[in-house]
Amino acid sequence: MEKVRRLLQNDKLESLLSSVLALALALLLVGFVVALVGEDPFGAFKALWNGAFGSAYYLNLTLRFAVPILFIALSFAVCERNGFFNIGQEAQMHLAALAAVLV
């Protein structure tokens, strides 16, 4: 029992478990809302999965749109960790894209 208690007090494991719990709760809530409007929640999740990872083309689209957003989140995390609050990441991304087009 002590091993389990020590394992659960691990910060990394606690962070992982809280993330998995948040994801599961979000999926349950979305499934409930989809069922409330009269649609099949499992069909909706299947369509969501196929639309994001269903083929190489859709996976490419998912990564193409997700990677810049992940970089924005990373830049915010670095700023926040160092004590700064930067809310201009999205505008910086758009200006960088405009500069790349102009070059």
Side-chain angles (χ1 to χ4, degrees):
M1 188 65 179
E2 184 62 33
K3 282 185 176 182
V4 172
R5 185 175 296 133
R6 215 172 325 134
L7 183 66
L8 289 177
Q9 289 176 349
N10 187 351
D11 289 339
K12 291 180 182 179
L13 183 63
E14 183 178 339
S15 176
L16 177 69
L17 287 176
S18 66
S19 296
V20 168
L21 181 65
L23 180 64
L25 186 62
L27 288 174
L28 281 173
L29 183 64
V30 167
F32 179 71
V33 170
V34 168
L36 261 172
V37 297
E39 296 295 326
D40 177 30
F42 296 109
F45 288 134
K46 183 179 177 184
L48 181 67
W49 179 266
N50 288 337
F53 309 109
S55 70
Y57 175 75
Y58 292 129
L59 180 61
N60 183 18
L61 281 179
T62 300
L63 291 176
R64 190 178 99 197
F65 287 108
V67 167
I69 295 170
L70 290 173
F71 279 140
I72 290 173
L74 180 63
S75 71
F76 182 80
V78 168
C79 290
E80 184 70 24
R81 181 67 60 119
N82 288 306
F84 297 105
F85 189 74
N86 185 1
I87 58 171
Q89 287 94 352
E90 186 177 1
Q92 291 170 0
M93 180 186 71
H94 290 298
L95 287 175
L98 178 64
V101 168
L102 293 176
V103 169

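Since we're looking at a predicted model, the values are computed, not measured.
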Between [atom1] on residue [X] and [atom2] on residue [Y], distance to nearest 0.5 Å:
{"X": "Leu48", "Y": "Phe53", "atom1": "CG", "atom2": "CZ", "value": "8.0 Å"}
{"X": "Ser18", "Y": "Leu25", "atom1": "OG", "atom2": "CG", "value": "12.0 Å"}
{"X": "Ile69", "Y": "Met93", "atom1": "CD1", "atom2": "CE", "value": "6.5 Å"}

Checklist entry - Under the 3.5 angstrom rule, does the side chain of Asn60 hit a backbone N or O of Ala56 as a donor-acceptor pair? => result no
**Request:** Report yes or no: do Phe65 and Tyr58 belong to one cluster of Ile/Leu/Val/Met/Phe/Trp/Tyr joined by side chain heavy-atom distances under 4.5 Å?
**Result:** yes
Nearest heavy-atom neighbours spanning [X] and [Y]:
{"X": "Val34", "Y": "Ala44", "value": "CG1-CB, 4.0 Å"}
{"X": "Phe76", "Y": "Gln89", "value": "CA-NE2, 3.3 Å"}
{"X": "Gly31", "Y": "Pro41", "value": "O-CG, 3.6 Å"}

Please check if the number of heavy atoms outside Glu90 that lie under 6.0 Å from its CD is greater than 12.
no
Close side-chain approach of Phe45 and Val30, heavy atoms under 4.5 Å = yes
